[in-house]
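Structure, as structure tokens:
Keep in mind that this is a model prediction, so the values were computed, not measured. Atoms considered below: every heavy atom in the structure, side chains included; atoms not considered: hydrogens, waters and symmetry mates.
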Amino acid sequence: MEPWVVWMVVAAVLGVAELMSLTLGLGLLAVAAAAAGLVGLAGLPVVVQVGVFAAVSLAGLGVVRPIANRHIRQPPSLRSGVAALVGREALALTEVTKHAGRVRIGGEEWTARPYDPDIVIPEGAAVDVLAIQGATALVYPREGS
């Protein structure tokens with residue numbers, strides 16, 4: 001069997017193993033094996049194929065993997081949807097009690113309840129959005145309001 005075929009089989013096996021483990025390391029080794037297989041297909045000797053495999057493996061595991069892991073562990077930079085509303089300032093359009101209330105968050109009108117059910121927030125008060133439950137904003141009066 002030709003050496004380049006062996007490299008391609010090794011690349012396929014490592015690729016399948018990567019799909020099972022999702023560690024990124026085996027996938028990078030699969031790329032290195034495929035690169036060595038392409039070098040073998042070009043007719044270069046086995047020593048060069050092994051050298052290409054070693055070089056691509058070291059580059060992948062030493063450079064690409066740490067960068068990829070940093071990006072995977074990074075939190076999302078932008079909050080979207082209702083998560084983006086938490087922490088924003090709002091205006092109480094009506095009195096906000098544990099039974100009823102309306103606030104304006106940005107340009108949108110939301111039903112609201114106080115975060116602390118024992119307080120009543122007067123109409124016109126500035127409030128902070130502490131959470132969103134369904135379509136209801138849980139709010140708390142701003143300091144100094």
Exercise for the section: Go through Val46 and Val48 one step at a time and tell me if the side chain to side chain contact (heavy atoms under 4.5 Å, CB included) criterion holds. Expected result: CA-CA 5 Å; Val46 174; Val48 175; over 6 Å; no

Practice task
Treat each ILVMFWY residue as a node, draw an edge where side-chain heavy atoms are under 4.5 Å apart, and state whether Val64 and Leu29 are in one component.
Solution key: yes

Practice task
Quick one: closest heavy-atom pair of Ala36 and Gln49, and the distance?
Solution key: CB-O, 3.4 Å

Exercise for the section: Decide yes or no for Phe53 and Val39: does some side-chain heavy atom of the first lie under 4.5 Å from some side-chain heavy atom of the second? Expected result: no

Exercise for the section: For the residue pair Ile119 and Pro141, establish whether any side-chain heavy-atom pair is separated by less than 4.5 Å. Expected result: yes

Practice task
Could you grab the distance from atom CD of Glu95 to atom CD1 of Ile121, nearest 0.5 Å is fine?
Solution key: 9.5 Å

Handout entry: Minimum heavy-atom distance Leu130-Val86, with the two atoms named
Key = O-CG1, 3.5 Å

Problem - OG1 on Thr94 to CD on Glu109, rounded to 0.5 Å - result: 8.0 Å

Problem - same_hphob_cluster(Val82, Tyr115) at 4.5 Å side-chain heavy-atom cutoff - result: yes

Exercise for the section: Check step by step if side chain to side chain contact (heavy atoms under 4.5 Å, CB included) holds for Val50 and Trp7. Expected result: CA-CA 10 Å; Val50 171; Trp7 284 114; 4.1 Å; yes

Exercise for the section: Report yes or no: do Val31 and Met8 belong to one cluster of Ile/Leu/Val/Met/Phe/Trp/Tyr joined by side chain heavy-atom distances under 4.5 Å? Expected result: no

Exercise for the section: Quick one: closest heavy-atom pair of Ala68 and Leu24, and the distance? Expected result: CB-CD2, 3.5 Å

Exercise for the section: Compare all side-chain heavy atoms of Glu123 with those of Leu93 and state whether any distance is below 4.5 angstrom. Expected result: no

Practice task
Please round to the nearest 0.5 Å and tell me the distance separating atom CD of Glu143 and atom CG of Asp128.
Solution key: 8.5 Å

Practice task
State plainly whether one hydrophobic cluster holds both Val96 and Ile132, where clusters connect Ile, Leu, Val, Met, Phe, Trp and Tyr through side-chain heavy atoms under 4.5 angstrom apart.
Solution key: yes

Exercise for the section: Mark yes or no for whether Thr97, through its side chain, and Arg113, through its backbone, hold a donor-acceptor pair below 3.5 Å. Expected result: no

Practice task
Would you check if Leu38 and Trp4 make a side-chain contact, meaning some heavy-atom pair closer than 4.5 Å?
Solution key: no

Problem - Minimal non-hydrogen separation, Leu28 against Arg65, with atom names - result: CD1-CB, 3.7 Å

Practice task
Measure the shortest side-chain to side-chain distance between Leu91 and Val127 over non-hydrogen atoms and say whether it is less than 4.5 angstrom.
Solution key: no

Handout entry: Side chain to side chain, Val103 and Ile105, heavy atoms closer than 4.5 Å
Key = yes

Handout entry: Shortest non-hydrogen contact between Val10 and Ala33, atoms and distance
Key = CG1-CB, 4.1 Å

Practice task
Can you see which heavy atom on Ala112 is nearest to which on Val139, and at what distance?
Solution key: CB-CG2, 4.4 Å

Handout entry: CA sep, side-chain torsions, deciding dist, call: Trp110, Val129, side chain to side chain contact (heavy atoms under 4.5 Å, CB included)
Key = CA-CA 11 Å; Trp110 282 73; Val129 179; over 6 Å; no

Practice task
Please check if Val6 and Leu14 belong to a single hydrophobic cluster, counting links between Ile, Leu, Val, Met, Phe, Trp and Tyr side chain heavy atoms closer than 4.5 Å.
Solution key: yes

